[in-house]
Amino acid sequence: MFKDAKEQLEVIKRGIVEIVSENELINKLEKSKKENTPLRVKLGLDPTAPDIHIGNAIPIHKLRAFQDLGHKAVLIIGDYTAVVGDPSGVNKTRPQLSHEDVLKNAQTYLDQAGKILDLENTELVYNGDWFKKLSFEEVIHLTSTITVARMLERDDFSKRYSSGSPISLHEFIYPLMQGYDSLVVKCDIELGGTDQLFSLLIGRDIQRDGGMEPQVAITTPLLEGLDGNKKMSKSLGNYIGITEDPNEMFGKAMSLPDELMKKYFELATDLPMDRINGLLSSETHPKKAKMEMAKAIVSRYHSDEDAENALVEFDKIFKDHKLPTDIPEVTIASNDLKDGKIWIVELLKKCEFAKTNGDARRLIVQGGVKMDDNKITDHALAIEPENGAILKVGKRRFAKLSVKT
RNA sequence: GGGGGGAUACCCGAGUGGCCAAAGGGGACAGACUGUAAAUCUGUUGACGUAGUCUUCGAAGGUUCGAAUCCUUCUCUCCCCA
């Protein structure tokens, strides 16, 4: 039923950073094959925000790969760990969420993770189930498994510590909780981004302490966000959500710096490596390559057809400078009008192209505002809105006026 | 418990009585160019119907003709000592 360890290893090793340790993994794979028992592969998701993006989808895809190899996916929804807030890779204390918010997010996480995983064959657990029952005594025992020195060794903590930034005590508990999860669900393997390595290793200690064979830790790369610089994250707004509209997804992918194409190709698309290498060779124009990449990303979460359409739409707007197929309508009611006219600044605010008058004026002064293809240069202008007129701001914001009087 | 720092716009960070709506960088937005929402270059980035006026530098009071800057109290935070 299971493939050879070697064959499995090949699949497992694609697009990952590190295995701790590979030998242990091979042993586990061999044992699993011999005994015909699937390995338990754990991934913890903290539902701290309502959306999954293509960066944090990377380990989820890896989990799916394990499912396809016949292993058991154990998905932990970190409803309690999310309340604590993962300190990994951040330079400040995360805001603590209410348990209520977390549960709300958890549902959307599940819906979204279901796009990647085979949920039918996923063991789904909430870590609040055990954490809320843990006694204080047990918590104390848990905290005794690690020393302060080791905690402070961590890059993120040591950086914060030496830069004089605050570190709250509860943040030390986070990796212990994550490690304790591993003990409870008795997993053989845990997946996580490279920033999770510390927590994954703590899991090994805690499992060992609990009399278990320690899990194998597998880390996946972190994906830089759209700015090409910082890690993709919801709070930085530099992300592509996996449920985003195809056109939006395509456009965002196209806005990536060229240098990141290889990484995105590898981690965010399903294209085979030789195809990717072909596209990245000097024979292919970078723009063409990037379009293929954007298409592949859209295909992964929508369909090939959606991807193709998104490409056509993109060219239409940005290459041919034509109007998009769907333009949001903005209704102008009679009480928006004075003597049948509306001040252009008001109109821009009405269309949500500007938050303040100054904002709107700036856009006009900078030459970024067009009405039916005519540049508007006068910020005092009052216009008589025509039904169906197209207001354009910048390169990619459009509104169709719908006048109701 | 004692002593000494720090808190500045979306973020980081300069500014230690008027020249401060506050340098610089990042981000964001706009323009030019192009190969795209790449790269590069330029500009803009508190509010107000465009005029000067108003509100901003952790919070509240105070000193002063005038306060981000000085004083008092408070909140949060970092370091050192115990």
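Any value given below was found using the heavy atoms of this structure, including those in side chains, with hydrogens, waters and symmetry copies removed. In what follows, chains carry the letters A, B, and so on, assigned in the order in which the sequence lines appear, proteins first and then strands, with residues in each chain numbered from 1.
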Visitor: Phosphate oxygens OP1/OP2 of B:rC78: is one of them under 4.0 Å from a side-chain N or O of A:Tyr161?
Guide: no
Visitor: Of A:Ala382 and A:Asp258, whose nearest nucleotide on RNA chain B comes first from the 5' end?
Guide: A:Asp258
Visitor: Checking base pairs now: Watson-Crick or wobble, both atom distances under 3.5 Å. What partners B:rC76?
Guide: B:rG6
Visitor: Any side-chain N or O of A:Thr356 less than 4.0 Å from the OP1 or OP2 oxygen of B:rA47?
Guide: yes
Visitor: Both distances under 3.5 Å, Watson-Crick or G-U wobble: report the partner of B:rG61, or none.
Guide: B:rC71
Visitor: Looking only at atom P, what distance separates B:rU63 and B:rA14, rounded to whole Å?
Guide: 32 Å
Visitor: Please give the nucleotide sitting opposite B:rA21 as a Watson-Crick or G-U wobble pair, both distances under 3.5 Å, or none.
Guide: none
Visitor: Answer yes or no: side-chain N or O of A:Lys287 and base N or O of B:rU36 forming a donor-acceptor pair under 3.5 Å.
Guide: no
Visitor: Without placing hydrogens or testing angles, list every side-chain donor-acceptor pair under 3.5 Å for residues 386-398 of chain A, not counting sequence neighbours.
Guide:
| from | atom 1 | to | atom 2 | distance (Å) |
| --- | --- | --- | --- | --- |
| A:Asn387 | OD1 | A:Val403 | N | 2.9 |
| A:Arg397 | NH1 | A:Phe353 | O | 3.4 |

Visitor: Heavy atoms under 4.0 Å, any strand shown: does A:Pro286 hit a base, just sugar-phosphate, or nothing?
Guide: base
Visitor: Measuring from the side chain of A:Lys319 (C-beta onward, heavy atoms only), which nucleotide among B:rU36, B:rU77, B:rA47 has the closest atom?
Guide: B:rU36
Visitor: State whether the side chain of A:Asn56 and the backbone N or O of A:His53 hold a donor-acceptor pair below 3.5 Å, judged by distance alone.
Guide: yes
Visitor: Taking pairing as Watson-Crick or G-U wobble with both contacts under 3.5 Å, can you name the mate of B:rG1, or confirm there isn't one?
Guide: B:rC81
Visitor: Would you say a side-chain N or O of A:Ser165 is under 4.0 Å from OP1 or OP2 of B:rU77?
Guide: no
Visitor: Tell me if the CD atom of A:Glu138 is crowded by more than 12 foreign heavy atoms within 6.0 Å.
Guide: yes
Visitor: Counting distance only, does the side-chain N/O of A:Asp51 pair as donor-acceptor with the main-chain N or O of A:Ile242 below 3.5 Å?
Guide: no
Visitor: Distance check, C1' atoms only: B:rG15 and B:rC54, in whole angstrom units.
Guide: 23 Å
Visitor: Salt bridge or not for A:Glu266 and A:Lys262, using N-O below 4.0 Å?
Guide: yes
Visitor: Judged by each residue's nearest nucleotide on RNA chain B, which is more toward the 5′ side, A:His285 or A:Glu346?
Guide: A:His285
Visitor: Quickly work out the A:Met254 CE to B:rA39 P distance and round it to whole Å.
Guide: 12 Å
Visitor: Both distances below 3.5 Å, Watson-Crick or wobble geometry, any strand: find the nucleotide opposite B:rU45.
Guide: B:rG27
Visitor: Tell me whether A:Glu30 is salt-bridged to A:Lys33, with the criterion being a basic N under 4.0 Å from an acidic carboxylate O.
Guide: no
Visitor: Using atom CE of A:Met291 as one end and atom P of B:rG35 as the other, report the distance to the nearest whole Å.
Guide: 13 Å
Visitor: For B:rU69 versus B:rU64, give the span between their C1' atoms, rounded off to a whole number of Å.
Guide: 13 Å
Visitor: Who is the Watson-Crick or G-U wobble partner of B:rU40, with both distances under 3.5 Å?
Guide: B:rA32
Visitor: Write down the protein N/O and nucleotide N/O pairs, taken from nucleotides 2-10 of chain B, whose separation is under 3.5 Å; answer none if there are no such pairs.
Guide:
none

Visitor: Which nucleotide in the list B:rA37, B:rG49, B:rU77 gets nearest to the side chain of A:Phe314?
Guide: B:rA37
Visitor: Roughly how many Å apart are B:rA67 and B:rG61, using the P atom of each and rounding to a whole number?
Guide: 14 Å
Visitor: Quick check for you: to the nearest 0.5 Å, what is the distance between A:Leu43 atom CG and A:Ile77 atom CD1?
Guide: 9.0 Å
Visitor: By the 4.0 Å heavy-atom rule, please label A:Leu381 as base, sugar-phosphate, or nothing.
Guide: nothing
Visitor: Report the relative orientation of the aromatic rings in A:His99 and A:Tyr80; use parallel for angles under 30°, tilted for 30 to 60°, perpendicular for over 60°.
Guide: perpendicular
Visitor: For A:Phe353, which contact category applies under a 4.0 Å heavy-atom criterion: base, sugar-phosphate, or nothing?
Guide: nothing
Visitor: Within the 4.0 Å limit for protein heavy atoms, which parts of nucleotides 27-34 of chain B are touched? Write it as a string from 5' to 3', B for base, S for sugar-phosphate only, - for none.
Guide: --SSS---
Visitor: Keeping the roles fixed (side chain from A:Asn105, backbone from A:Val102), state whether a donor-acceptor pair exists under 3.5 Å.
Guide: no
